[in-house]
Amino acid sequence: MAKLEFKDISHSYEYSFGTVKDRNKAKWVINDLNVTWEDGTANALLGPSGGGKTTMLNIISGLLRPTEGQVLIDGRDVTDLSPQQRKIAQVFQFPVAYDTMDVYNNLAFPLRNSGYGQAKIDKKVRETSDLLDLDEYLSEPAGSLNEGEKQRISLGRGIIRDDIVAMLLDEPLTLIDPKLKNGLRRLLMRIQRELKLTMIYVTHDQHEALTFAQYVSILNEGTVVQSGTATELYENPKEPFVGFFIGSPGMNFVDCNLKGGVLDCKGFELNISHKLQEKGVESEGDMKLGIRPESIAVSKEQQEKTHPFEIQVIENFGHYYILTVEGCNSRLKVQVSSEMDVSKGEEIYLSFPADKLILFKEKKRIL
Amino acid sequence: MKNRAWLFLLPALAFMAVSAIIPLVTVINYSQNYIFAGSMPTFVGLENFVEVLQDPQFLGSIGRQFIFTFLVLLIEVPLGIIIALAMPKKGNWVPLNLVLLGIPLLIPYNVVGIIWRLFTQSDVGIVPAAFNGLNYAYNVTLNSGDAFFTILTVDVWHWTPLLILLSYAGLQAIPNAYYRAAAIDGASKWSTFKYVTLPKLRTVLTIGILLRFMDSFKIYSEPLLLTGGGPGTATTFLSLFISRKAESYELGYASAASLIYFFIVLVMSYIFFQFISRVGRGVHDEG
């Protein structure tokens, strides 16, 4: 196992292929990234599609050579090495099993390619199939298995090599039947813990990322916006993008203006002077107010410091509702318990707890 | 008839009757008679079949036909795959490549025959001229080997593009993840071809092989126009042999030979059909 590092990595497909000669005109998928993945940790790369996640993963594994920068494994520069030389395993979104071979030979394939002896291969295949609950399928043709089982084979071809330094997973559950997803995810987590593998898991699904990984990096437009544990990302987004991306639904944003401790949201006002003082924030001017749907307090009666909103849409999520409400020149999403009796068009009163408010100025968090 | 749906089938049935069923029944009828133009047919039962199957010329043309078809498949299938693998996957050259490859497929058989006849004509043709340059006296009308391999070359020239296009389409349909996984697993180029490319091409290749088998087994226009079946019987393939017999008014004999020909194609097609359906199940049979 090993520590993986990105040093000043940038990548542009156009510039690398030479279709665009001018460095400044080329489209850069990844911009000057410096990231470290510590030895033996479960990591996730989370971000919207087209954010450069898969490109990053292919650069780590060596399927892609970065236009600029270095990839380090335990401090050693491996930028010019092939995937096999780097000893990195990768599982893809599309479950890959070699159809003409049975499960046994699928698992044995990487070992055969490295020239292992039959006795060693047999031992490793037994161990791996045991770990992945594939023993009963060993003599089955791989083509006859379901997608979940094929994905376990892909995983097995990775972990069967005892020399691998890291395991990369590129949206491994996206194409898997929902019924099989949970089992496979638990299996992944178990394997990560048992083998103490350095794992990097790419996904656009925040639930997958937050439940699987100890450390999550949020990727957008080729840069890592923020890295941290699930709780950190949820509670302390550094940029509006993180607040919006983490949580379902994402954070609400309201354009507003801060002056003299009073936040003017163009329809309602919030006095947050003591909070500003407490945190020592002195900035003023145009801001973006962020608040999570679950942090907004909802009441059916008008009280002090509440603001009237009208219910537009009710979405039922079982034990809670997500309401889309309009009023005070804003449109917000609010989470309420399903025990609350609500109907469309009804007037409700919202209040915004000062300690749950987050302020962004020019995309940077100030409160 | 209660079900009026039959009415809608009538035109198709009538067409089938005129185009296929009636000729087939006629041929079956003829095959049991001695018929020469102008004279009354005499019923002889299976005698024509016995005669055909004992005729060294007929057996010779069957043998020639199998060798020819076998060589066609042996050359065109690997060549098609190799060229498809060498073609660019994307970029400006792709449409041009595809159009160029499509051209031979668009040329009618008889035109192909005439083109190659001009190519191979001993006085003005480019092929004899080229062989002369290599100090080989190529002559398609005198040398049996030259004639046979010329027909083979024409077929390869005419039909390999079909296998290239099929393989190319098949290659494009293989998800990239397979190649990436093979690279991660440290597979060599040959292993990747053997365990990823070839298995994934199996379906299109089976279709290609089936089409090329049936088509090359029916080869007619090219030898007719290029060599006239000669020199001797070197390029007299089955269909040419049978039409010669019919042209010389041996209708009973020709009909019996046709039915045997038909039977061979039927049996071979059945074998291929079995093979195709086994490809579908293939993954279950192996291992």
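Chain identifiers are assigned alphabetically (A, B, ...) following the order of the sequence lines, protein sequences preceding nucleic acid strands; residue numbering begins at 1 within each chain. What you see is a predicted model, and the numbers here were worked out from it, not measured in a lab.
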Which region of [X], side chain (C-beta onward) or backbone (N, CA, C, O), has a non-hydrogen atom less than 4.5 Å from a non-hydrogen atom of chain B, or is it both or neither?
X: Leu111(A); result: neither
X: Asp170(A); result: neither
X: Phe94(A); result: both

Results of side chain to side chain contact (heavy atoms under 4.5 Å, CB included) for Ile264(B) - residues two or more places apart only: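 If we apply the side chain to side chain contact (heavy atoms under 4.5 Å, CB included) test to Ile264(B), skipping adjacent residues, the hits are Ile62(B), Phe66(B), Phe217(B), Ile260(B), Met268(B).
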With a 6.0 Å cut-off (strictly less than), is the heavy-atom count around [atom1] of [X], excluding the residue itself, greater than 12?
X: Arg76(A); atom1: CZ; answer: no
X: Tyr116(A); atom1: OH; answer: yes
X: Leu175(A); atom1: CG; answer: yes
X: Met214(B); atom1: CE; answer: yes

Residues 9-18 of chain A: residues contacting chain B (heavy atom under 4.5 Å, by number):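 Residues qualifying by a heavy atom under 4.5 Å from chain B are absent, so none.
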pair Lys200(B)-Asp99(A): side-chain heavy atoms closer than 4.5 Å: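 The answer is yes; the side chains approach within 4.5 Å.
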Toward chain A: residues of residues 166-186 of chain B with heavy atoms under 4.5 Å: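 Residues of residues 166-186 of chain B touching chain A at under 4.5 Å: Pro175(B), Ala177(B), Tyr178(B), Arg180(B), Ala181(B), Ala182(B), Ala183(B), Ile184(B), Asp185(B), Gly186(B).
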Return a table of donor-acceptor pairs under 3.5 angstrom between the side chains of residues 70-93 of chain B and protein atoms on other chains or two or more places apart.
unit_1	atom_1	unit_2	atom_2	d
Glu76(B)	OE1	Arg212(B)	NE	2.9
Glu76(B)	OE2	Val156(B)	N	3.4
Lys89(B)	NZ	Met87(B)	O	3.4

Gap between atom CZ of Arg112(A) and atom OG of Ser188(B) - 0.5 Å precision: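 Ser188(B) atom OG to Arg112(A) atom CZ measures 13.5 Å (nearest 0.5 Å).
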Taking every non-hydrogen atom, the tightest pair across Tyr195(B) and Tyr98(A):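 Smallest interatomic distance, heavy atoms only, reads O-CD2, 3.9 Å.
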